[in-house]
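By convention in this document, chain letters (A, B, ...) are assigned in the order of the sequence lines, proteins followed by strands, and residues within each chain are numbered from 1. No experiment lies behind these values; they were computed from the predicted model shown. Computed from heavy atoms alone, side chains included, the values below leave out hydrogens, waters and symmetry copies.
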Protein chains: 2
Amino acid sequence: MYTLVQAATQLRQQIDQFTPLSDDEWARLVPHLTIVTLQKQQTFARQGITADRIGLVLDGALRQFYTKDGDERTTYFFFEHQLTGAYMSCVTGRPSPVTIEALTPTTCVSFPYAVFHDLLETYPGWQRFGRLLAEYLMVALEERMASLLLLSPEERYLSLLEGPYKDLLQRVPQHYIASYLGITPVSMSRIRNRIRPR
Amino acid sequence: MYTLVQAATQLRQQIDQFTPLSDDEWARLVPHLTIVTLQKQQTFARQGITADRIGLVLDGALRQFYTKDGDERTTYFFFEHQLTGAYMSCVTGRPSPVTIEALTPTTCVSFPYAVFHDLLETYPGWQRFGRLLAEYLMVALEERMASLLLLSPEERYLSLLEGPYKDLLQRVPQHYIASYLGITPVSMSRIRNRIRPR
DNA sequence: TGCATTCCTTATCTTTTGTTATCGTTTTGG
DNA sequence: CCAAAACGATAACAAAAGATAAGGAATGCA
């Protein structure tokens, strides 16, 4: 469905949105790219295992979750054109606290973090990309943290409806969204009922 | 109390813990260092204003908070040897959503973010530091986010007691900690009573 | 020292969320 | 095509947190 060349082009486009790489810098990564195909419920990264690769979603949807006392708490979703991977585990070298699992059949283009890390330490363009990526993830996490700390469950649901992720509701089962909002499916159902008067 | 030389030494030590800078790279920052002295309740960064500088706490304590509907929600504390500043605002160039305020009389060594940013873009050592710093902040935010999403208020309080920040309880008023945990002071008082049986 | 303020606890009451269970509906897999 | 599983809504009850108020201890300031 995707040739490696097409996938590589997609990936470079995403990276170039952070910072343009020289052709030479880019060429250092290309030999390490592979296409990863995941069936539903197959994992890109797994809790307890140190993550060793990064990917870009070409098609499909992934879900990231922690497991606590047997049940799962969703922390993120990844869709087309999004970089994915247990980046925190890659960066720290510690076992991943999260699992990343396919919600639907999903295709990614992927590369080993070790290669990426070598590129960061060797090429200025890659180093700059590494900084901008970390800054980008940092900002996203800060916003997520703030929403959990500042907003009530109902406010979080509403801000999801109004924000750039509103199509989430159409794309993923509601109980995953409830878990993403830090509440139970029952509670979210009540909220939906509450804010839909009449 | 602190000479600029002493302050600069402290700062370099902290930075070197991320990545060692060459003497030349370091020398580019030194002329821009200033000592900032804050009385209690004076601010290092203010909500609504785009932050323009970073600092290192030499002595004292700072508190970072959002304001929502008139009341404050604490998101972080900064003590001696910690880098501080509304980093997200600096990075994005957007007005800061947070205020950083002195809990006690506080001394920092500080430098403009603009200078720092130029150094990042110019010197490999600084660029690497910028990446490592962003990664470090990212990891801290992920842990904080996870604790808010996964743990109950009581579990958050307990994990604070057991974690590396346990001296927080001795150093800052409890209602700030309650706000840091995302609960009201009354609720935290109840939790304290609950977990102290007998 | 005295007075006001801040801080923490406790009590009461209300609101919200969690828990558990039930019931249609939809989706999935054999 | 049918049985099983997954999904979402809803109800009833329990548990927890928010809101408000009051009281006492500690703190700061004059």
Contacts of type side-chain contact (heavy atoms from CB on, under 4.5 Å), residue [X], not counting sequence neighbours:
X: A134(A); result: A134(B), E135(B)
X: R53(B); result: V36(B), F44(B), S110(B)
X: Q47(B); result: T67(B), T99(B)
X: S179(A); result: R73(A), T74(A)

key: Contacts of type side chain to side chain donor-acceptor pair (under 3.5 Å), residue E121(B), not counting sequence neighbours   = R128(A), R131(A)
Side-chain N or O of [X] versus OP1/OP2 of [N]: is the shortest distance under 4.0 Å?
X: R192(B); N: dC8(C); answer: no
X: H175(A); N: dA6(D); answer: no
X: Q174(A); N: dA9(D); answer: yes

Please tabulate, one pair per line, each protein N/O and nucleotide N/O from nucleotides 16-23 of chain D that are separated by under 3.5 Å, including the distance.
residue	atom	partner	partner atom	Å
dA17(D)	OP2	R194(B)	NH2	2.8
dG18(D)	OP2	T184(B)	N	3.4
dG18(D)	OP2	T184(B)	OG1	3.1
dG18(D)	OP2	S187(B)	OG	3.3
dG18(D)	N7	R190(B)	NH2	2.9
dG18(D)	O6	R190(B)	NH1	3.3

task = Could you name each residue pair satisfying side-chain hydrogen bond (donor to acceptor under 3.5 Å, both in side chains) that touches residues 137-150 of chain A, not counting sequence neighbours?
result = E142(A)-Y66(B), E143(A)-R94(B)
Rounded to whole Å, please give me the gap between [atom1] in [X] and [atom2] in [N].
X: L151(A); N: dT16(C); atom1: CG; atom2: P; value: 16 Å
X: I177(B); N: dC7(C); atom1: CD1; atom2: C1'; value: 13 Å
X: E72(A); N: dC7(D); atom1: CD; atom2: P; value: 11 Å
X: Y157(B); N: dC8(C); atom1: OH; atom2: P; value: 11 Å
X: Q41(A); N: dA5(D); atom1: CD; atom2: P; value: 14 Å
X: R171(B); N: dC7(C); atom1: CZ; atom2: C1'; value: 19 Å
X: L169(B); N: dT9(C); atom1: CG; atom2: P; value: 10 Å
X: L181(A); N: dG8(D); atom1: CG; atom2: C1'; value: 16 Å

[X]: ring pair (Phe, Tyr, Trp, His ring centres under 6.0 Å) partners, not counting sequence neighbours:
X: F65(B); result: none
X: Y165(B); result: none
X: F77(A); result: Y180(A)

Polar pairs (N or O, both sides) under 3.5 Å between protein and nucleotides 25-30 of chain C?
none

task = Determine yes or no for a side-chain-to-main-chain donor-acceptor pair under 3.5 angstrom, with S189(B) supplying the side chain and P185(B) the backbone.
result =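 Such a contact is absent between S189(B) side chain and P185(B) backbone.
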request  = Return yes if some donor-acceptor pair links the side-chain N/O of Q82(B) with the main-chain N/O of F79(B) below 3.5 Å, else return no.
outcome  =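 Yes, the answer is positive, given that a donor and an acceptor are paired below the 3.5 Å cut-off.
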remark   = Rounded to 10°, the helix from dT1(C)-dA30(D) to dG30(C)-dC1(D) deviates from straight, judged by its five-pair end axes, by 60°
